[in-house]
Number of protein chains: 2
Amino acid sequence: MSPRTVLPLPATSFHILLALVDGPAHGYGIKRVVEERTHGRIRLAAGTLYEAMQRLSRQGLIENTEAPEEFSGSGRVRFYRITDTGEAELGDELRRLEQDVAFARTKVPAEQG
Amino acid sequence: MSPRTVLPLPATSFHILLALVDGPAHGYGIKRVVEERTHGRIRLAAGTLYEAMQRLSRQGLIENTEAPEEFSGSGRVRFYRITDTGEAELGDELRRLEQDVAFARTKVPAEQG
DNA sequence: TTCGGTAATATCGGTTTCCGATAATCAAAA
DNA sequence: TTTTGATTATCGGAAACCGATATTACCGAA
């Protein structure tokens, strides 16, 4: 099997894909979720966020889906879900990161808490 | 204590710093080491590499050091070592990556090998 | 009702980072 | 000698990131 990886996956894209594993969401929601769960560490500036999502769409890693009813009234909210390809890419990237992090930890001593 | 982190640390810089934990090295050597240990996964194109190292120097995360004798004859080889600040940054970034990877793994099932 | 804040998407200009190509220099090998 | 490998550097362009701004909509407070 040839590696299915299309591209180097930027960190921003990794976090967007990860947020979508829980189910469809819209851009602004992803921004909030990622910011919360990293305690503000990862911010996803608006420009970065929406451009990254357009990119991911173009690459077929995420795709549009219809908004749930509780959002039907409110303006032009765009919901996205992760595709099978996107899940595969996310899994691949996660495995790579795990390898790098594990190796790095053999070189860098953990600090005393 | 306020976080000492200066900047977001790009992936390339992370790998360069990591390679320097084993001791001083020159750019081309780092390129080879990283490429080997990732089995060709991370390539470090020449432009990326040397510009990243100039950046890291400017930021005080690495610094020039003299080449060992076995390199004294051979041209203009530049050796670098990681600074204390660099080690601290590397440790910080590694901790962040570990957090992200661990969280991601709770969401993404490991593939059957 | 007006005002301000939050939600939500989009785009623009500018900066940073990344990449591949090219070039220059030197040594060793063929 | 020609070639090959090692090594650093720079350049132009592409990709990614950022903050600001604009727009639209809703909601709660004044």
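So you know, we letter chains A, B, ... as the sequences are listed, proteins then strands, and number each from 1.
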Can you find a heavy atom in the side chain of B:F14 that is under 4.5 Å from one in the side chain of B:L97?
-> yes

Whole-Å distance, B:F79 CZ to D:dA6 P, equals 14 Å

Distance test, side-chain N/O of B:R78 to OP1/OP2 of D:dA9, below 4.0 Å | yes

Identify whether any heavy atom of A:R43 sits under 4.0 Å from a base atom; if not, whether one sits that close to sugar-phosphate; answer base, sugar-phosphate or nothing.
-> nothing

Flag the pair B:L17 / B:L61 as yes when at least one side-chain heavy-atom distance between them is below 4.5 Å, and no otherwise.
-> yes

Contact class for A:A52 vs. all strands (heavy atom < 4.0 Å): base, sugar-phosphate, or nothing?
-> nothing

Find the distance A:L49:CG to D:dA20:C1' and express it as a whole number of Å.
-> 16 Å

Think A:Y50 has a side-chain N or O under 4.0 angstrom from the OP1 or OP2 of C:dT9?
-> yes

Taking N and O atoms by type only, does the side chain of B:R76 place a donor or acceptor under 3.5 Å from a partner on the base of C:dT25?
-> yes

Which of the following nucleotides, C:dA8, D:dC17, C:dT17, is nearest to the side chain of A:R55?
-> D:dC17

Which of these, A:D100, A:T106, A:V101, sits in a side chain to side chain contact (heavy atoms under 4.5 Å, CB included) with A:F103?
-> A:T106

Please state whether the phosphate of C:dT11, meaning OP1 or OP2, lies under 4.0 angstrom from any side-chain nitrogen or oxygen of A:Q54.
-> yes

Which atom of A:I16 lies closest to which atom of A:A52, heavy atoms considered | CD1-CB, 3.7 Å

Would one find a side-chain N or O of B:R58 under 4.0 angstrom from OP1 or OP2 of C:dT16?
-> no

Using a cut-off of less than 4.0 Å, is there contact between a side-chain N or O of A:Y28 and OP1 or OP2 of C:dT9?
-> no

Shared ILVMFWY cluster between A:L20 and A:V33, side chains joined below 4.5 angstrom?
-> no

Short side-chain N/O contact from B:T48 to OP1 or OP2 of C:dT17, under 4.0 Å | no

Rounded off to whole Å, could you give me the CE-to-P distance for the A:M53 and D:dC17 pair?
-> 14 Å

Can you tell me the distance, in whole Å, between the CD1 atom of B:I42 and the P atom of C:dT17?
-> 18 Å

For C:dC18, does either OP1 or OP2 sit under 4.0 Å from a side-chain N or O belonging to B:T12?
-> yes

Contact class for A:G47 vs. all strands (heavy atom < 4.0 Å): base, sugar-phosphate, or nothing?
-> base

For the side chain of A:A46, starting at C-beta, report the closest nucleotide among D:dT7, D:dA20, C:dA7.
-> D:dA20

How long is the line joining CD of B:E51 and C1' of D:dG13, in whole Å?
-> 12 Å

Could you give the CZ-to-C1' distance, from A:R32 to C:dA7, as a whole number of Å?
-> 8 Å

Distance in angstrom units between B:K31 NZ and D:dT7 C1', rounded = 11 Å

Could you state the NE2-P distance from B:H26 to D:dG5, rounded to the nearest angstrom?
-> 17 Å

Any idea which heavy atoms bring A:I30 and A:A25 closest together, and the distance?
-> CG1-CB, 4.0 Å

